[in-house]
There are 2 protein chains.
Amino acid sequence: MRFRQNGQGGEKMISSIAELISDRIGTMPAGERRAAQTLIANYPLIGLKTVAEFSQSAGVSSPTILRFVARLGFQNYPEFQSALQDELAAQLQSPASRTLNPSSPGGTVSPMLEATLDNMRETFRHLSDKQLADIAARLADRRGKTFLIGGRFTDPLARYMAAHLAIVQPNVFHLAGQESVWRDRLIDMGKHDVLVIFDIRRYQDSLVRFAETAHQRGVQIVLFTDQWLSPIARFARHVIAGRTAVPSAWDSSAALFVVAETLIGAVTRQLEAEGAKRIRELESLR
Amino acid sequence: MRFRQNGQGGEKMISSIAELISDRIGTMPAGERRAAQTLIANYPLIGLKTVAEFSQSAGVSSPTILRFVARLGFQNYPEFQSALQDELAAQLQSPASRTLNPSSPGGTVSPMLEATLDNMRETFRHLSDKQLADIAARLADRRGKTFLIGGRFTDPLARYMAAHLAIVQPNVFHLAGQESVWRDRLIDMGKHDVLVIFDIRRYQDSLVRFAETAHQRGVQIVLFTDQWLSPIARFARHVIAGRTAVPSAWDSSAALFVVAETLIGAVTRQLEAEGAKRIRELESLR
DNA sequence: GGAGCGCTGTATCGTATGTTACGTATTTTG
DNA sequence: CAAAATACGTAACATACGATACAGCGCTCC
């Protein structure tokens, strides 16, 4: 319809301007690429504003914007805007079509995304509000210390959670480095402390041993694992089992990541009073 | 906000222009009523076109359209259009995925989860297969080295990605530790290398500077950022803009996390041949 | 290291757009 | 039914917007 380009196409089906852009963004000079990126990032509303506003948002000059739309095959800026409006109109008419990128079939994107979204829904289905509230309360309890550790691939999750928790409360420690190093930290742990462990298969022996001794010392363990449950579940006070299956060579930790973010949010809310003061203090330190 | 009218009303809650119109359509003269009806019928796109087009669609003259928007309380036509655009923006930001959601009944599912799922859908909607394939191809290109780095909260994502990529191919480096340490690594970077940066607001100056000098050295930058685009986007070859808004004190990096996992999967698939051999070797090393 | 090309921004121009004034038509009211 | 008031459209106006010419700059390729 509109996007018949120079070559007698037929090779590729371009059905939206967004696709057209990502198709050509590789062949664009730097300035026009910035225009393309800002348009995609705030698609499509920036394209409906004036050239001046668009150019300012993108940090380039007006002519660059015009060259950009010219490269997309439009005769002039108004024609480009009309195309965007038509697209919007079609989208608003049939709300069902707004679900996903129309590149679904056969693409590499959507099976992965679909599986991940399913994983999250499943994970949260088996997770009660009460359970999350309990864990959040435990993590917000300031009488004890909080330690976090993860396995080979999940340690970044422990880091991520630690980075946030350490801001809203004191005594949060991420256990990193060599095994011998964090094993020695066991001596600091007691029955008022919490140990958050991330462990998905293949479960690491070192982590299991670590959890066991911690448990013997009375430490409360919160375990993030997969649906097959790490052996650490045996010692854990709270177990969060996330779905990990995706069409990829690797397991996905995304569901656990979202649970972690949810907990971070809950703990923060719980510590709001002291947390706010603490955050202000930290700001002033910077 | 915008619709405070003449009287200081607290009488009626007007939250959209469409409501405002149907509220006043009774008091309008015939011509303006026709304008109102045609706008409602094709809401809101006709209002984004020019006065001439609007007037022609409604079968009235231009001044009638202007008197119509004036009666709604707007100073001039552009102001009216801006209001419509803002409304559209808000609508597009949070897609009404509430329509079909099998996970709601009874238990109050965390609004956090809902927002996160929306964020992912939105993020991937602006992301084409082609774009991901391009980035994956670049990351799988074994002629150069791959460096990864992140900001205060996003560095764990860089770690996560690095942990996986380093298994399927050599020459993958996560830049950690003190700024001076990784800044010195710039000397190893050239035009065949790729630098993956995670940077969401508030954007870190140190990262921006780092990206700039890397860019000057010809390094290809892949940027993971939020929808407001880190200033690094200026130097980036590829930009991935993830949605981050959630009902929490913190921004969410979950959408970026999923994109990262998707890329990891794509790269792995691309390197399948050599990757499989490599993985077997690693297995035997353990 | 030099010549050529391509990209980008500044400044200028023409025009399409929103705006306003005014005259005519239509309805309302005494 | 007359007279006034309101509503509407035509036409002229001014502004701001998109378009273009040109010069400076960096980059690539001999």
Side-chain angles (χ1 to χ4, degrees), chain A residues 6 17 21 24-39 44-85, chain B residues 17 21 24-39 44-85 190-192 212-221 231 233-237:
Chain A
N6 17 340
I17 298 179
I21 292 172
R24 309 218 167 161
I25 199 170
T27 71
M28 291 182 186
E32 301 181 27
R33 205 160 50 222
R34 290 193 64 191
Q37 286 162 351
T38 48
L39 175 58
L45 277 163
I46 290 209
L48 297 180
K49 299 187 185 292
T50 67
V51 174
E53 289 177 281
F54 190 172
S55 67
Q56 200 170 359
S57 278
V60 297
S61 67
S62 300
T64 300
I65 299 294
L66 296 174
R67 282 188 284 262
F68 163 65
V69 304
R71 191 182 298 266
L72 291 179
F74 297 99
Q75 293 298 324
N76 48 29
Y77 195 71
E79 180 180 314
F80 164 70
Q81 288 189 317
S82 294
L84 283 179
Q85 288 184 0
Chain B
I17 297 178
I21 291 172
R24 308 214 168 167
I25 197 170
T27 71
M28 291 181 186
E32 301 181 26
R33 197 174 310 150
R34 291 192 62 182
Q37 285 163 348
T38 48
L39 175 58
L45 278 165
I46 290 207
L48 297 180
K49 299 187 185 292
T50 67
V51 174
E53 287 178 281
F54 191 172
S55 68
Q56 198 171 359
S57 278
V60 296
S61 67
S62 299
T64 300
I65 299 295
L66 295 175
R67 282 188 283 264
F68 163 65
V69 303
R71 192 183 296 267
L72 292 178
F74 297 98
Q75 295 296 325
N76 48 31
Y77 195 71
E79 181 180 312
F80 163 72
Q81 288 189 318
S82 292
L84 283 179
Q85 287 186 2
K191 62 177 57 172
H192 292 302
E212 181 167 10
T213 36
H215 171 68
Q216 285 164 358
R217 295 183 62 89
V219 179
Q220 307 255 358
I221 295 180
R234 184 185 193 87
F235 317 114
R237 187 86 175 72

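Below, chains carry the letters A, B, ... as their sequence lines are ordered, and counting in each starts from 1. No experiment lies behind these values; they were computed from the predicted model shown.
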### Summary
Heavy-atom contacts, protein to nucleotides 7-15 of chain C, under 4.0 Å, summarised as B (base), S (sugar-phosphate only) or - (none) per nt, yield SBBB-----
In this structure, how many angstroms lie between the [atom2] atom of [N] and the [atom1] atom of [X], rounded?
X       : N       : atom1 : atom2 : answer
L48(A)  : dC17(D) : CG    : P     : 15 Å
L66(B)  : dT20(C) : CG    : P     : 8 Å
R33(B)  : dA7(D)  : CZ    : P     : 11 Å
Q216(B) : dG26(D) : CD    : P     : 12 Å
E53(A)  : dA16(D) : CD    : C1'   : 12 Å
N76(A)  : dT17(C) : CG    : C1'   : 15 Å
Q56(A)  : dC17(D) : CD    : C1'   : 15 Å
Q75(A)  : dT20(D) : CD    : P     : 10 Å

### Message
Looking at Q56(B), I want to see if its CD is surrounded by more than 12 non-hydrogen atoms of other residues, nucleotides or ligands under 6.0 Å.
### Response
no
### Query
So with a 6.0 Å cut-off around CZ of R234(B), is the heavy-atom count from everything else above 12?
no
### Task
State whether the side chain of R24(A) and the backbone N or O of R71(A) hold a donor-acceptor pair below 3.5 Å, judged by distance alone.
yes
### Query
Mind checking what makes side-chain contact (heavy atoms from CB on, under 4.5 Å) contact with L45(B), not counting sequence neighbours?
Q85(A), L88(A), A89(A), L92(A), L48(B)
### Task
For G31(A) and V60(A), work out which heavy atoms get closest and say how close.
O-CG1, 3.8 Å
### Query
Looking at L39(A) and G47(A), what are the two nearest heavy atoms and their distance?
CD1-N, 3.8 Å
## Note on the structure
Comparing nearest nucleotides in DNA chain D, the 5'-proximal residue of the pair K191(B), Q81(A) is Q81(A)
